[in-house]
Amino acid sequence: MASVRTRFAPSPTGYLHVGGARTALFNWLHARHTGGCFILRIEDTDQVRSTEPSVQAIFDALRWLEIDWDEGPFFQSQRLDIYNAHIDRLVAEGHAYHCTCTPEQIEAMREKARATGDKPRYDGTCREKGLSAGPGSVVRFKAPATGTTVVEDVVKGNIVFANEELDDFVLRRSDGMPTYNFAAVVDDVTMRIDTIIRGDDHVMNTPKQILIYNALSHPLPVFAHVPMVLGNDRTRMSKRHGATSVTAYRDMGLLPDAFINFLARMGWSYGDQEFFTRAELIEKFTLDRVGKSAGIFDPVKLGALNADHIKATSPQALTRHLLPFMQAQGIAAQDDAFLHGVIATLQARSKTLDEMARQAHFYYAEPVALDEAAAQKFLTAEALELLRALAERLSALGSFGEKDLEAVFLEVMEAFKIKLGKIAQPLRVALTGTTVSPGIFEIMVVLGKDRVLARLERAMAYIEKR
RNA sequence: GGUCCCAUCGUCUAACGGUUAGGACACUGGCCUCUCACGCCAGUAACAGGGGUUCGAAUCCCCUUGGGAUCACCA
């Protein structure tokens, strides 16, 4: 059996949205899982709405998601000869015909039908006229008036449509461009696509497409219509549901692996498992585990999953994703041991990369900005002698590991008969400027002896001055 | 309105005729503790309704209700 060939075929009429990303992901996962081929095709036959920036936005989003394609990108606008050749063939074989009815006439037909309670549909005026191509004419498909067309869908099961529901739909517009249903089928046929995975808002198109496959005497592909992604009000996601653009999630500080994990788990499941690495997704994804009901996009769960991925990713691997956020914070961080240390202390406390960069601020701030209230409360005369005792012993230290530090703290705690908390908070304020931070020992190790001592000195000077 | 699809905790979902209906997010307690997190433990919470089929139904069938999608010379 030939290997699987899937495709993602977005129309470039805006940024890549969440639903589109999931469609792309499922196609990609299925191809990767089966060792098949994933093809990218840009459906830009709508000359009015398609834009070049949209094309770039789609590439940009796919690149971020690390969804790569094996063939393409193909542009429908560059394949007109292919569509026209198929049009000629269908007309020659009697499956399609030229039609000179004007949009006004069509509208009149619809009005009339609506008035009498019939379906608004093309009445077949030109169907048997044997017209040839002329200015302003379109090509229509000669649809069967009776019988049924059944869609055998791997996720939905069989769906039966009565052919009388269909009319002689347009295959080629008067401007010479093919319509979606026609171009999609011709492309899928010529690109040898054998598995079509797409949103279930396409099921109503499928019988028309099947009819075209039949007219072309081409075997049908496997259809898999995956359920929709809805907003929190259960309607199709749109801007009023918050961010719908994939890159908006990148800009919020999501990890691409967390995002695809989340997307995959909406509509697809693998027992009780929630967390998947990219490799696991590829290994475990199969179409038969795709569910049939629509799901609501839950940004809170996405955030939780992102936190899990941040925790599970090595500081080294996190770095390239984090750097842009550090830059945005005005932090000139390098991909080095210091940064990796910083990241390690922040992983358990960051839900997004943006948060992480903000929390990393104090490590790089020289001098560190003291929070007014925190300094008021903890950098007191009482704390001064503790900090001084600590500084003295710290400066005498040869190695600056957590064990060495703990020993010093125990000494000080013993000498002053105090608990760790008594010294930790003033020290925390001295080192970070605030009362909230990673563990005090972790911070010190990452900062290193010199920075720690310098910050202690500055805090002590601050106390003496107040 | 026509056509089509869908229906388990608030949300994402598991269950493939027999379970105290499981997990995750969120929420609420508690533990851990140098702050904040993390982690751990515990708890609240669902089979839309009604008929069948069956010894037995969340699972199969029908109806109702609810939700969604789609009805172009857009894709």
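A note on names: the letters A, B, ... follow the listed sequences, proteins ahead of strands, and every chain is numbered from 1. Since the structure is predicted, the reported quantities are computational estimates derived from the model, not experimental observations.
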Sugar-phosphate only, base, or nothing, as touched by [X] at under 4.0 Å among non-hydrogen atoms:
| X | answer |
| --- | --- |
| Pro438(A) | base |
| Arg49(A) | base |
| Gly303(A) | nothing |
| Gly421(A) | sugar-phosphate |
| Ser293(A) | sugar-phosphate |
| Ile296(A) | sugar-phosphate |
| Val138(A) | base |
| Cys99(A) | nothing |
| Glu274(A) | base |
| Ile440(A) | base |

Any strand is fair game: report the nucleotide pairing with [N] by Watson-Crick or G-U wobble, both distances under 3.5 Å, or none.
| N | value |
| --- | --- |
| U70(B) | G2(B) |
| C40(B) | G30(B) |
| A7(B) | U65(B) |
| C55(B) | G18(B) |

Do the side chain of [X] and the base of [N] come within less than 3.5 angstrom through a donor-acceptor pair of N or O atoms?
| X | N | value |
| --- | --- | --- |
| Asn205(A) | A75(B) | yes |
| Lys301(A) | A24(B) | yes |
| Arg349(A) | C38(B) | no |
| Thr179(A) | C73(B) | no |

d([atom1], [X]; [atom2], [N]) in whole Å:
| X | N | atom1 | atom2 | result |
| --- | --- | --- | --- | --- |
| Asp187(A) | A75(B) | CG | C1' | 13 Å |
| Lys311(A) | C36(B) | NZ | C1' | 13 Å |
| Tyr270(A) | A15(B) | OH | P | 12 Å |
| Met356(A) | A37(B) | CE | P | 16 Å |
| Asp188(A) | A75(B) | CG | P | 15 Å |
| Asp123(A) | A72(B) | CG | C1' | 16 Å |
| Asp175(A) | A75(B) | CG | P | 9 Å |
| Phe169(A) | U3(B) | CZ | P | 20 Å |

Per [X] side chain, nearest of listed nucleotides [options]:
| X | options | answer |
| --- | --- | --- |
| Ala304(A) | A26(B), A75(B), C38(B) | A26(B) |
| Asp201(A) | A69(B), G22(B), G2(B) | A69(B) |
| Met204(A) | A75(B), C5(B), C4(B) | C4(B) |
| Met228(A) | G67(B), C73(B), A69(B) | A69(B) |
| Asp272(A) | A14(B), C5(B), U35(B) | A14(B) |
| Ala348(A) | C38(B), C73(B), U35(B) | C38(B) |

If I pick the [atom1] atom on [M] and the same atom on [N], what distance separates them, to the nearest angstrom?
| N | M | atom1 | result |
| --- | --- | --- | --- |
| A26(B) | A46(B) | C1' | 15 Å |
| U44(B) | U54(B) | P | 38 Å |
| G43(B) | A7(B) | P | 30 Å |
| C41(B) | C9(B) | P | 26 Å |
| G18(B) | C47(B) | C1' | 16 Å |
| A15(B) | A21(B) | C1' | 8 Å |
| A45(B) | C62(B) | C1' | 31 Å |
| G50(B) | A58(B) | C1' | 16 Å |

Exercise for review: Find which nucleotide of RNA chain B each of Ala162(A) and Val300(A) is nearest to by heavy atoms, and output the residue with the more 5' nucleotide.
Suggested key: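 The residue closer to the strand's 5' end, by nearest nucleotide, is Ala162(A).
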Point to revise | Given RNA chain B, 5'-ward residue of the pair Met266(A) and Lys292(A), judged by closest heavy atom | key: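 Final value for this comparison: Lys292(A).
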Is it possible for you to check whether [X] lies under 6.0 Å from the centre of the six-membered ring of [Y], through NZ or CZ, and within 45° of that ring's axis?
| X | Y | value |
| --- | --- | --- |
| Lys208(A) | Phe169(A) | yes |
| Arg22(A) | Phe26(A) | yes |
| Arg140(A) | Tyr122(A) | yes |

Exercise for review: Answer with yes or no after comparing the ring centroid distance for Phe285(A) and Tyr270(A) against a 6.0 Å cut-off, counting only values under it.
Suggested key: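 Not close enough - the centres of the two rings lie 6.0 Å or further apart.
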Point to revise | Centroid-centroid distance, His309(A) to Phe262(A), less than 6.0 Å | key: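 No, ring centres 6.0 Å or more apart.
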Exercise for review: Decide side-chain hydrogen bond (donor to acceptor under 3.5 Å, both in side chains) for His30(A) and Thr286(A); before the verdict, give the C-alpha distance in whole Å, the side-chain angles of both, and the deciding distance to 0.1 Å.
Suggested key: CA-CA 7 Å; His30(A) 187 247; Thr286(A) 51; over 6 Å; no
Check your understanding: Do the non-hydrogen side-chain atoms of Val185(A) and Ile210(A) ever get within less than 4.5 Å of each other?
Key ->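 Side-chain contact under 4.5 Å: no.
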Point to revise | Test item: Arg172(A) and Asn84(A) side chains (from C-beta on) under 4.5 Å apart, heavy atoms | key: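 Yes - at least one pair of side-chain heavy atoms lies under 4.5 Å apart.
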Tell me whether the OP1 or OP2 atom of [N] has a side-chain N or O from [X] closer than 4.0 Å.
| X | N | answer |
| --- | --- | --- |
| Arg110(A) | G2(B) | no |
| Arg236(A) | U70(B) | yes |
| Ser269(A) | A14(B) | yes |
| Arg428(A) | C36(B) | no |
| Thr45(A) | A75(B) | yes |

Review point. Do Gln76(A) and Glu43(A) pass the side-chain contact (heavy atoms from CB on, under 4.5 Å) test, and can you show the C-alpha distance, the side-chain angles, and the key distance before you say yes or no?
Key: CA-CA 5 Å; Gln76(A) 290 189 322; Glu43(A) 308 216 325; 3.2 Å; yes
Exercise for review: Over 60° means perpendicular and under 30° means parallel, so classify the ring planes of Phe409(A) and Phe441(A), tilted if in between.
Suggested key: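 Because their plane-to-plane angle is over 60°, the rings of Phe441(A) and Phe409(A) count as perpendicular.
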